[in-house]
Structure formats: structure tokens, C-alpha cells
Protein chains: 2
Amino acid sequence: MTATVPAPGSRALPHPAHEEIRLEGVLHALADPMRLRIVRELAADGDELSCSHFDLPVTKSTTTHHFRVLRESGVIRQTYRGTAKMNALRRDDLDDLFPGLLDALLAAAARQSARLGSG
Amino acid sequence: MTATVPAPGSRALPHPAHEEIRLEGVLHALADPMRLRIVRELAADGDELSCSHFDLPVTKSTTTHHFRVLRESGVIRQTYRGTAKMNALRRDDLDDLFPGLLDALLAAAARQSARLGSG
DNA sequence: CGCTTCGTACGATAGACCTCGTAGTACGGC
DNA sequence: GCCGTACTACGAGGTCTATCGTACGAAGCG
């Protein structure tokens with residue numbers, strides 16, 4: 001009952017409820033370089049970003065796929081705004097479920113990025 | 001050159017060097033329930049454990065596979081001791097590369113376990 | 001109403017992954 | 001030397017995943 005159900009006639013998207021978020025799913029989502037990159041940009045910006053804001057080295061189809069995986073694993077929340085689809089980290093939910101995990105993950109990603117010199 | 005190379009004639013196992021450990025690989029390794037379970041047991045025990053110590057609901061072949069993934073991703077270190085193969089968390093390497101990550105991950109797993117498994 | 005932009009759905013493909021069973025190797029004890 | 005234990009290697013089956021291309025839908029602008 002807690003899962004966000006799309007309102008009839010609208011363009012809402014199905015998200016897992018707070019307590020439906022599984023650690024394995026989050027780790028799986030973040031284990032992909034493309035998705036980790038998306039999450040890092042989202043965290044760096046701190047606010048909502050449209051899908052088209054990301055300039056990923058894959059086609060739009062694949063980008064849609066990755067955003068869907070992130071949403072279905074509970075990492076991001078997606079909402080339509082006109083023709084754009086806005087993406088935001090579910091920081092509150094993740095911090096409540098797994099305190100410190102997201103920050104540790106982002107710090108680890110930043111550290112590795114600095115170490116490997118790729119950004 | 002830093003990767004541990006198996007000595008000729010011995011039974012040493014190839015491990016990724018400290019700086020070869022990649023965050024995505026670690027996350028991928030830990031995204032599997034069976035492997036997460038192994039790592040949790042390893043962390044709980046705090047010392048080396050033989051493969052046969054684990055009573056996983058899969059065959060021995062599959063168990064071997066999971067331990068290999070954990071080793072090749074840099075999460076555990078494996079050494080032979082007689083006929084047994086001992087497994088230990090690479091805590092030092094992981095804590096140095098990704099400070100706080102392993103603890104956050106283990107805490108998250110424990111939290112979820114308490115929340116879902118009711119035990 | 002057209003046109004553009006943004007994103008989706010569907011099908012296909014190639015590769016990765018989890019699992020298994022069987023056969024095989026290494027070590028230690030008798 | 002022989003046997004049991006511990007683990008491995010190889011191959012196969014079935015599923016999942018990442019990627020693409022093309023065709024489509026929804027919202028805004030002229």
C-alpha cells in the first residue's frame with residue numbers, strides 16, 4: 001500500500017516504497033559505471049536534473065533504461081515536468097534506510113575518480 | 001606489476017593489487033545475496049574462514065564461483081592451507097581505498113536483515 | 001495544425017551471470 | 001601406494017543485462 005501508485009490519467013511513474021528498497025538492488029544499480037556516473041552528477045548538483053542534462057556516451061534508449069533501473073531500485077525519484085523528466089536522488093529514503101551508505105559510496109566514487117584521473 | 005603473481009609450482013592465487021580494486025567491481029560483487037552473506041559472515045567472524053565453513057544453499061561449484069568473484073573483485077583474500085582454502089576480508093585495502101564504505105555496507109546489510117528477516 | 005524536443009516501447013543481439021553436474025587435481029592420513 | 005576430503009575446471013542451460021535502432025507518444029511553440 002505504500003508503493004507510489006501512478007494516478008489515473010496522469011503521467012506519474014511507479015516507484016518502490018521506502019521499505020521496499022533493497023540493498024542488493026541499490027548495489028546492483030550502482031555497480032554500473034553509467035549509472036554510478038548519473039548518481040554522482042545528481043549528488044553533485046544537489047537538485048533535480050532532467051534526463052537530457054546528462055551527456056552519456058550511449059543512445060537515448062539506453063539512457064532511458066539506466067534511469068529506469070535507478071528508479072526501480074529506489075535510488076532516484078522521477079517526475080514529469082512538461083516534456084522533461086526530472087530526476088532526484090532519494091537521499092532521505094536512502095539515508096533513513098542505510099545511514100551513511102550513500103555518502104560513503106559517493107566519497108568512494110570521488111576518491112577513485114581522483115585516483116584514476118578520469119575526473 | 002603490483003598484482004600478486006602466483007609463484008611457479010605453488011598454489012598461490014591471483015589477487016588484484018591494492019590499486020587495481022575498482023569500486024564498480026566491489027559493488028557488483030556485493031550486489032549478490034549469496035556473496036553479501038559470505039562477506040557478512042567473514043566480517044562477523046573477523047578472521048579467516050575456510051570455504052567449507054559456509055553452509056550456502058547452492059552447490060560447491062557455485063560456492064567456488066562466488067568466492068572467486070569476491071577474490072577477483074578485491075573483496076577477499078584467499079590462501080591455501082593444506083586442503084582447505086582460507087578466506088579473509090581485505091579490510092585494510094578496502095578501508096584505505098574507500099574509507100567507511102565497508103562499514104557502511106555491513107551496517108546497511110545488518111539493518112536490512114533486522115528489518116526484513118525479523119531475526 | 002504542423003514541427004520540434006524529450007522521452008518511451010518494442011524487438012533484436014551479444015555478452016555476462018548464476019546455477020548445476022561431472023570429472024579432475026592437490027593435500028593429508030593410513 | 002591408496003583413499004577420503006577440499007576445492008577446481010569445464011561445459012551447459014536458462015536467465016538477465018546493456019546496447020542499439022526504429023517507431024511511437026506527450027508537451028510546448030509557431
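All values below come from the heavy atoms of this structure, side chains included, with hydrogens, waters and symmetry mates left out. This structure is a prediction, so every number in the text was calculated from the model and none was measured. Below, read A as the first sequence line, B as the second, and so on, with proteins coming before strands; counting in each chain starts at 1.
In this structure, A/Tyr80 atom OH and C/dT5 atom P are separated by 19 Å, rounded to whole Å. As a whole-Å value, the separation of B/His53 NE2 from D/dC7 P is 12 Å. Following rounding to the nearest Å, B/Leu70 (CG) and C/dC18 (C1') show an atom-to-atom distance of 14 Å. With rounding to whole Å, B/Ile38 atom CD1 is found 11 Å from C/dC18 atom P. Going from atom CD of B/Gln78 over to atom P of C/dA26 covers 17 Å, rounded to whole Å. For the pair A/His66 NE2 and D/dC16 C1', the interatomic distance rounds to 14 Å; values are reported in whole Å. One interatomic measurement links the two molecules: CG of A/Leu56 to C1' of C/dG7, which rounds to 14 Å at whole-angstrom precision. A straight line from NZ of A/Lys60 to C1' of D/dC24 spans 12 Å, rounded to a whole angstrom.
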Worked check of side-chain hydrogen bond (donor to acceptor under 3.5 Å, both in side chains) between B/Arg22 and B/Ser73: CA-CA 7 Å; B/Arg22 305 275 275 113; B/Ser73 66; over 6 Å; no

side-chain hydrogen bond (donor to acceptor under 3.5 Å, both in side chains) assessment of A/Arg40 paired with A/Ser113: CA-CA 11 Å; A/Arg40 288 187 64 201; A/Ser113 221; 3.0 Å; yes

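In the set C/dC20, D/dC7, C/dT19, the nucleotide with an atom closest to the side chain of B/Thr59 is C/dC20. When distances are taken from the side chain of B/Met34 to each of D/dC7, C/dC6, C/dT19, the shortest belongs to C/dT19. Closest to the side chain of B/Val58, out of D/dA18, C/dG7, C/dT19, is C/dT19.
Using a 4.0 Å heavy-atom cutoff across all strands shown, A/Ser52 reaches sugar-phosphate atoms only and no base atom.
A side-chain donor from one of A/Thr62 and A/Thr59 sits under 3.5 Å from a side-chain acceptor of the other.
Note that CG of B/Asp55 and NE2 of B/His53 are 9.5 Å apart. Values are rounded to the nearest 0.5 Å.
The nearest heavy atom of DNA chain D to A/Ser61 and to A/Arg35 marks one nucleotide each, and the one closer to the 5' end goes with A/Arg35. Across the interface with DNA chain D, nearest-nucleotide mapping of A/His28 and A/Pro57 shows A/His28 to be the residue nearer the 5′ end.
Taking 4.0 angstrom as the limit, A/Arg68 places a side-chain polar atom (N or O) nearer than this to OP1 or OP2 of C/dA9. A close approach under 4.0 Å does not occur between any side-chain nitrogen or oxygen of B/Thr83 and OP1 or OP2 of C/dG28.
A side-chain donor-acceptor contact under 3.5 Å links A/Arg71 to the backbone of A/Pro14.
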